[in-house]
Each structure stands twice: as structure tokens, then as C-alpha cells.
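For the single chain, residues carry numbers from 1 onward in sequence order. These values consider heavy atoms only, across backbone and side chains, with no hydrogens, waters or symmetry-generated copies. Since the structure is predicted, the reported quantities are computational estimates derived from the model, not experimental observations.
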Amino acid sequence: MRSDRSQEQTPLILVADDDRATRLLLKLAMEEEGYRVVEAKDGEQCLAAFTRWQPDMVLLDAIMPEMDGFTCCQRLRQLPGSTNKPILIITALDDQDSIDRAFAAGATDYITKPIYWAVLAQRVRRLLATSQALKQFEHLRQQFEQQQQWKRLFETIAQRLSQPFDLRQLLDATVTELRSIAGVERVVLYQQRRRLGMRLVFESVAPGYPSIEPIPLEIIGLESQYQTQYEQGHIVALSDLALAELSPETREQWERLNIKAALMVPIIVREQFWGLVCAHQCQTTRPWEAWEIEQFSFLGYLLAGAIYQALLRHQLSTNR
């Protein structure tokens, strides 16, 4: 029996055909190849199913009542997430005009009836492999762009540290920039205890999401659970709130903030736990990648250096 995770990694195919018998045969053929299948009996159901399930591929009958497959394909291409998803139109029409119409509507490929099942299986495998390659390329491109943004952030912080700087302004600007670079809905930076006669708290939150203001900072940082890890300088990454071991009170507070995943980065100053940078993913769960955690870790070191410089300046001015 496959685990839930392996099931999720199995390609999901949306089969749309108004003929129940053909739809059943397509479903059985795809399941025989090891794919998961969802069905739709007409164009409207196909659009709704695509939005809900975000399948990896669509098998679409060209001739359906009310909304034909060409129109449905065109509307599918207007939906979010459809850009690199293959759409294979199945048609009894093999004239050049119908073929041109299929590609003009956004179809990736087509196959004619009667269906040769071995040919269909080969086409599906090829289209899914191409789609996966495009997805990996896009992921690498986005990762490269993010790494360049991280690099620019580090360079900006280092430049500010090379000359007199205001700690509040530096931390505030970093939190704002970090939310954009990390692609999260909320970033919080706070100081565990009062230093320099004040307690620093900065938050950048996307429009439409609640502020942390009414919630105790210790709950935001899960200090009661991870204090030891923080004191040792270890980052805590939670990819899915539903799987995290939280107390009922903490879980309720986090759900109020719409947190689905979180990354907590300790700031260690003079070998003491000073505070935390917390990144909150609110729209979806998020499997934090190793390279992302490395970037956050280096950011923690840079911020610790900035805070240490501010402490030294404060001590020097006090001793005068």
C-alpha cells in the first residue's frame, strides 16, 4: 500500500468526456498505467475540477455538448496554474482545420479516435515527462532569482554595517525586504528580553493578514518548546502546522494568524540567545529547502553582528 506522500507524488490526470463509457475506459487505462484520475462529464465540470484539484494533465474530448473541448481548452489556459500543464485533446476529427483549432486553443497535443491505447499511454508518459522537466527548470530559475535577491540583501546589510547606522532602521528595513525575498506573508523580528533600555519588535505582514500584535511573543516564537534549540543556535523549520506538536492554546493562536508553515531563526549575540526572526507562510504549507535555511542562517549571523555593534556603541557612550 502506498503512503499518502507517494500518492501525492503520483501524477493526477483529469479526464473530461461526456460519454460515460469512454470516460470509464480512459480512467481504467490511466489507472492501469499507475496514475490517479479525476473525472468530468462536461466542460464546466472540467473547469471546476481543474481549479479544485490542479491535475498534472488533462485528457479532453473535443466533441461535447454545450461547451466543446476546444472552447474548454481555451478557458483552461486562462486559469491559474495551467501554463505548463499538458492538455491532450481526443478527437474523432482528423482534418487539418480541427488540428489547427486544437493547437490554437492551447492544446499540447492531440490523438484521434478510435483510441489506440498503447499510443495513448506513450503520449501521456511523454507529455508528463516534458511537463516535469519544464517544472524543474522553472523551479531552478526561481531559485536562482531568489538567491540573487538574498545576495543583494546581504550586501546591503554589510554596506550599512561598514558605516554608522541606526539599528532600528536597519532591522525594520531588513524585515520588510525579507518578506518579499522569502515569499512569505509575514516576517517578525523580536528581542527576547529588554536590552538597551527597550524591547525591539518589528513586523512586516502582507495585506489581508492579521498582525501578531494581540498575541504574546513567546507564543509567536514557540519559546517554551524550542528554547534549548534556540540557545544552541538551531533553526526550527515547521513545514505543516497540522503536523506540528503544539499545545491547544498555541495552535489556536497560530490558526488565528493563518500560519500554515513557519521558520524560526535564533539570533545569538555574545553567545546568548537575543531573539528570533520568524517567517510565516500563511497561504499553503511549505517544505523549507536546505538552501533557504542556509540563507536564513547567514542572515541571523549578520543581524547578530549588527546588534553586537549597537551594544558596543551603547556601552562606549555610557562609559564616557
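- Asp61 has its side chain within reach of Lys113: a pair of non-hydrogen atoms, C-beta onward, lies under 4.5 Å apart.
- The CD1 atom of Ile90 sits 12.0 Å away from atom CD1 of Ile63, with the distance rounded to the nearest 0.5 Å.
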Distance-only donor-acceptor pairs under 3.5 Å for side chains of residues 254-262, two or more places apart:
from: Trp254; atom 1: NE1; to: Ile219; atom 2: O; distance (Å): 3.0
from: Arg256; atom 1: NH1; to: Gln253; atom 2: OE1; distance (Å): 2.9
from: Lys260; atom 1: NZ; to: Cys282; atom 2: O; distance (Å): 3.3

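- Screening residues 206-235 for salt bridge (charged side-chain N to carboxylate O under 4.0 Å, His left out), with sequence neighbours left out, gives Arg199-Glu218.
- Placement of Met264 and Val201 within a single hydrophobic cluster is found when ILVMFWY residues are connected by side-chain heavy-atom separations under 4.5 Å, directly or transitively.
- Of all heavy-atom pairs between Arg23 and Val15, the closest is CG-CG1, 3.9 Å.
- Counting only distance, with no hydrogens or angles, the side chain of Ser131 and the backbone of Lys85 share no donor-acceptor pair below 3.5 Å.
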inquiry  = Run Leu26 and Val37 through side-chain contact (heavy atoms from CB on, under 4.5 Å) and show every step you take.
reply    = CA-CA 9 Å; Leu26 286 168; Val37 177; over 6 Å; no
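- The shortest distance between side-chain heavy atoms of Ile212 and Val205 does not fall below 4.5 Å.
- Residue pairs meeting the ring-ring contact (aromatic ring centres under 6.0 Å, His included) criterion with at least one member in residues 217-241, sequence neighbours excluded: Tyr230-Phe273.
- A single hydrophobic cluster is not seen to contain both Tyr35 and Leu28; linkage of ILVMFWY side chains at heavy-atom distances under 4.5 Å, directly or through other members, places them apart.
- Residue Glu31 qualifies as enclosed at atom CD: its count of foreign heavy atoms under 6.0 Å is above 12.
- Considering every non-hydrogen atom in both Leu47 and Cys72, the closest pair reads CD2-O, 4.0 Å.
- Partners of Arg141 under the salt bridge (Lys or Arg N to Asp or Glu O under 4.0 Å) rule, at least two apart in sequence or in another chain, are Glu138, Glu145.
- Rounded to the nearest 0.5 Å, atoms CG (Leu25) and CE (Met30) are 11.0 Å apart.
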N/O donor to acceptor pairs below 3.5 angstrom from side-chain atoms of residues 171-183, sequence neighbours left out:
from: Thr174; atom 1: OG1; to: Leu170; atom 2: O; distance (Å): 2.8
from: Thr176; atom 1: OG1; to: Asp172; atom 2: O; distance (Å): 3.1
from: Arg179; atom 1: NE; to: Ser204; atom 2: OG; distance (Å): 2.8

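- For the side chain to side chain donor-acceptor pair (under 3.5 Å) test, residues two or more places apart in sequence or in another chain that qualify with Glu292 are Arg286.
- Nearest heavy-atom pair across Met64 and Asp17 is SD-CA, 4.1 Å.
- Atom CG of Asp56 is separated from atom OG1 of Thr10 by 9.5 Å, given to the nearest 0.5 angstrom.
- Applying the salt bridge (Lys or Arg N to Asp or Glu O under 4.0 Å) rule to Glu44 yields the partners Arg75; only residues at least two apart in sequence or on another chain are considered.
- You'll find the side chain of Ile235 stays beyond 4.5 Å of the side chain of Trp288, heavy atoms only.
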message = Determine whether Leu140 and Phe144 satisfy the following criterion, side-chain contact (heavy atoms from CB on, under 4.5 Å), listing intermediate values before the conclusion.
response = CA-CA 6 Å; Leu140 290 173; Phe144 175 76; over 6 Å; no
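- A donor-acceptor pair under 3.5 Å is formed between the side chain of Arg186 and the backbone N or O of Pro210.
- Trp291 contributes atom CH2, which lies 9.0 Å from atom CZ of Phe296 (distance to the nearest 0.5 angstrom).
- Taking CG from Asp18 and CE from Met67, the interatomic distance works out to 13.0 Å, rounded to the nearest 0.5 Å.
- Side-chain heavy atoms closer than 4.5 Å link hydrophobic residues (I, L, V, M, F, W, Y) into clusters, and following such links, even through other members, never connects Leu88 to Leu60.
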query = Could you walk me through whether Gln272 and Gln192 pass the side-chain contact (heavy atoms from CB on, under 4.5 Å) check?
reply = CA-CA 11 Å; Gln272 297 293 319; Gln192 186 195 38; over 6 Å; no
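- Shown here are the ring-ring contact (aromatic ring centres under 6.0 Å, His included) partners of Phe50, two or more places apart in sequence or in another chain: there are none.
- Side-chain contact between Glu66 and Asp42: absent, with no pair of heavy atoms (C-beta onward) separated by less than 4.5 Å.
- With contacts defined as side-chain heavy-atom distances shorter than 4.5 Å, the pair Leu59/Ile111 does not qualify.
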task = List the steps and the verdict of side-chain contact (heavy atoms from CB on, under 4.5 Å) for Tyr116 and Gln122.
result = CA-CA 10 Å; Tyr116 293 94; Gln122 185 180 41; over 6 Å; no
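- Annotation: Gln96, atom CD; neighbour count of heavy atoms from other residues, nucleotides and ligands within 6.0 Å is above 12.
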Report, one line per pair, each donor and acceptor closer than 3.5 Å where one atom sits in a side chain of residues 148-160; sequence neighbours left out.
from: Thr156; atom 1: OG1; to: Arg152; atom 2: O; distance (Å): 2.9

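- With hydrophobic clusters built from ILVMFWY side chains whose heavy atoms lie under 4.5 angstrom apart, Leu161 shares a cluster with Phe202.
- Connection of Phe165 to Leu312 is established within a shared hydrophobic cluster, with ILVMFWY side chains joined at heavy-atom distances below 4.5 Å, either directly or through further cluster members.
- Under the salt bridge (charged side-chain N to carboxylate O under 4.0 Å, His left out) criterion, no residue pair touches residues 244-253, with sequence neighbours excluded.
- Listed here is the closest heavy atom pair of Leu14 and Glu39: CD1-C, 4.2 Å.
- Residues Leu303 and Trp274 are not in side-chain contact: their nearest non-hydrogen atoms beyond the backbone lie 4.5 Å or more apart.
- The nearest pair of heavy atoms linking Ile89 to Cys73 is CD1-CB, 4.2 Å.
- To the nearest 0.5 Å, atom CG of residue Leu120 and atom CZ of residue Arg125 are 9.5 Å apart.
- Crowding of Glu32 atom CD: a count of heavy atoms from other residues, nucleotides or ligands under 6.0 Å not exceeding 12.
- Considering only heavy atoms from C-beta on, Gln146 stays 4.5 Å or farther from Glu289 through its side chain.
- Between Cys46 and Leu76, the closest heavy-atom pair is SG-CD1, 4.0 Å.
- Applying the side chain to side chain donor-acceptor pair (under 3.5 Å) criterion to Ser211, with sequence neighbours excluded, gives Glu203.
- Environment of CZ in Phe103: crowded, with over 12 heavy atoms of neighbouring residues, nucleotides or ligands closer than 6.0 Å.
- For the salt bridge (charged side-chain N to carboxylate O under 4.0 Å, His left out) condition, the pairs that include at least one residue of residues 101-110, sequence neighbours left out, are Asp68-Arg101, Asp109-Arg123, Asp109-Arg126.
- Between Leu311 and Arg270 the shortest side-chain heavy-atom distance falls below 4.5 Å.
- Tyr209 OH: more than 12 foreign heavy atoms inside a 6.0 Å radius.
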